[in-house]
Each structure stands twice: as C-alpha cells, then as structure tokens.
Amino acid sequence: ETELFAPLEKELALLRVKFYREGYVLTEEEFRKYANLEDRVKSQMGETGKSARGWWLIGRCREGVSDAPGAEQAYDLALGIDPDHGLTLLQKGKMALVRALSERALSGSDEERKRRSVEIAAMGAGWVRRGLELLGQEWGMEGDLAAGYLKVVEEWRQGSYFAGPMLVK
C-alpha cells in the first residue's frame with residue numbers, strides 16, 4: 001500500500017511545502033492541483049480497493065485546502081478500514097489539538113466552551129499518542145508537529161502554558 005501511493009504522496013508533499021510560508025495564500029491553480037490529486041487517489045482506490053492510506057491521503061489533500069470537515073470525514077473513513085492507521089490517528093489528533101487550542105483561546109469567560117476545549121484536547125492527545133506509538137520512529141515532520149502540539153496542550157491543561165502567541169503565528 002505504501003508503494004502504491006508513494007508517487008501521489010510525493011506530489012502532495014511538494015504542494016504542501018508552500019503552506020508553511022508566512023502569509024502564504026493558495027492560488028486557484030493550487031486548489032485545482034489538490035482537487036486533481038484527490039481525484040487520482042480515488043481513482044487508484046477504485047482500481048485497487050479502498051484503503052486507509054488512500055483515505056488518509058485524501059484527508060491531507062482536504063486539509064491542504066482548509067476543508068477541515070472534509071478532512072475529518074476522510075480520516076474517519078480511513079480509521080473505519082484500519083483503526084490502527086498511525087498516520088491517520090496522528091493527523092486526526094493534530095487537527096483536534098489545534099481546534100482545542102483555538103477554542104480555548106477564543107473562550108473568554110464562556111465556561112462551556114472552555115470545558116469543550118478540554119474534552120477535544122483529551123481526545124486529540126489520545127489519537128496523537130496512539131499514532132506516534134504505532135509509527136515508532138517513522139513519523140517524520142508531521143509527527144514532530146503533532147508531538148509539539150501535544151506538548152503545548154499538555155502544558156496548557158496543567159495550567160503552565162497559554163497558546164495565544166502560537167495561534168497568532
């Protein structure tokens with residue numbers, strides 16, 4: 001399965017490189033490239049069968065165009081095929097941690113929103129820990145990012161960190 005999707009994963013990695021640049025905004029051409037890549041992954045799965053790695057890759061494409069609900073749907077489909085798909089657990093967990101940090105930063109005096117952010121953080125932390133455990137030392141840059149978010153959330157939950165400055169970046 002890894003070899004099957006390797007060329008498409010490489011293409012996605014090249015598309016995502018720009019994402020990390022400050023002030024970067026996707027162009028219409030890049031939106032089309034993400035959509036085309038997602039279509040090609042679906043086509044590949046049509047020939048070889050549905051796979052967790054294929055749905056993970058689709059989720060990454062959707063994250064690339066800021067379609068969080070679509071990405072989560074793809075990750076859920078991946079985990080429906082393989083509940084122990086480490087890459088998917090890592091990404092789903094990272095998305096939850098980012099959402100928890102955002103909820104907390106925006107909660108102000110809204111206690112319900114604060115409580116919800118803690119619940120989201122706990123779920124996300126569990127997924128990231130499990131993903132890192134399953135991947136061993138093979139987690140790469142996205143694993144490093146997820147581990148970083150996990151550290152921030154753990155410190156925040158202990159009351160020793162506030163992620164406001166990080167969220168601005």
Minimum heavy-atom distance [X]-[Y], with the two atoms named:
{"X": "Ala52", "Y": "Asp82", "value": "CB-CB, 3.8 Å"}
{"X": "Glu63", "Y": "Arg16", "value": "C-NH1, 4.1 Å"}
{"X": "Ser51", "Y": "Phe5", "value": "OG-CE1, 3.3 Å"}
{"X": "Ala78", "Y": "Thr88", "value": "CB-OG1, 3.6 Å"}

Practice task
Supply the members, apart from Leu106, of the Ile/Leu/Val/Met/Phe/Trp/Tyr cluster built from side-chain contacts under 4.5 Å; use none for a lone residue.
Solution key: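 Besides Leu106, the hydrophobic cluster comprises nothing; the residue is isolated.
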
Could you give the distance from [atom1] ([X]) to [atom2] ([Y]), rounded to the nearest 0.5 Å?
{"X": "Leu57", "Y": "Gln44", "atom1": "CG", "atom2": "CD", "result": "10.5 Å"}
{"X": "Lys50", "Y": "Lys42", "atom1": "NZ", "atom2": "NZ", "result": "8.0 Å"}
{"X": "Phe31", "Y": "Glu28", "atom1": "CZ", "atom2": "CD", "result": "6.5 Å"}
{"X": "Glu112", "Y": "Ser117", "atom1": "CD", "atom2": "OG", "result": "10.0 Å"}

So do the side chains of [X] and [Y] get within less than 4.5 Å of each other, counting heavy atoms only?
{"X": "Leu89", "Y": "Val128", "answer": "no"}
{"X": "His85", "Y": "Trp55", "answer": "no"}
{"X": "Leu87", "Y": "Arg60", "answer": "no"}
{"X": "Leu12", "Y": "Leu8", "answer": "no"}
{"X": "Arg129", "Y": "Leu132", "answer": "no"}

Would you say [Y] ends up clustered with [X] if hydrophobic residues are merged whenever their side chains have heavy atoms under 4.5 Å apart, either directly or through other cluster members?
{"X": "Tyr34", "Y": "Val41", "answer": "yes"}
{"X": "Met95", "Y": "Leu134", "answer": "no"}
{"X": "Met123", "Y": "Val118", "answer": "no"}
{"X": "Trp56", "Y": "Leu15", "answer": "yes"}
{"X": "Ile81", "Y": "Ile58", "answer": "yes"}

Handout entry: The single option from Arg113, Arg115, Lys114 passing salt bridge (charged side-chain N to carboxylate O under 4.0 Å, His left out) against Glu103
Key = Arg113

Exercise for the section: Examine distances only and state if a side-chain atom of Ser102 and a backbone atom of Val98 form a donor-acceptor pair shorter than 3.5 Å. Expected result: yes

Completion exercise
Asp67 meets the side chain to side chain contact (heavy atoms under 4.5 Å, CB included) criterion, sequence neighbours left out, with Arg62, Val65, Pro69

Problem - Which residues share a side chain to side chain contact (heavy atoms under 4.5 Å, CB included) with Glu29, sequence neighbours left out - result: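 Only Thr27, Arg32, Lys33 meet the side chain to side chain contact (heavy atoms under 4.5 Å, CB included) criterion with Glu29.
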
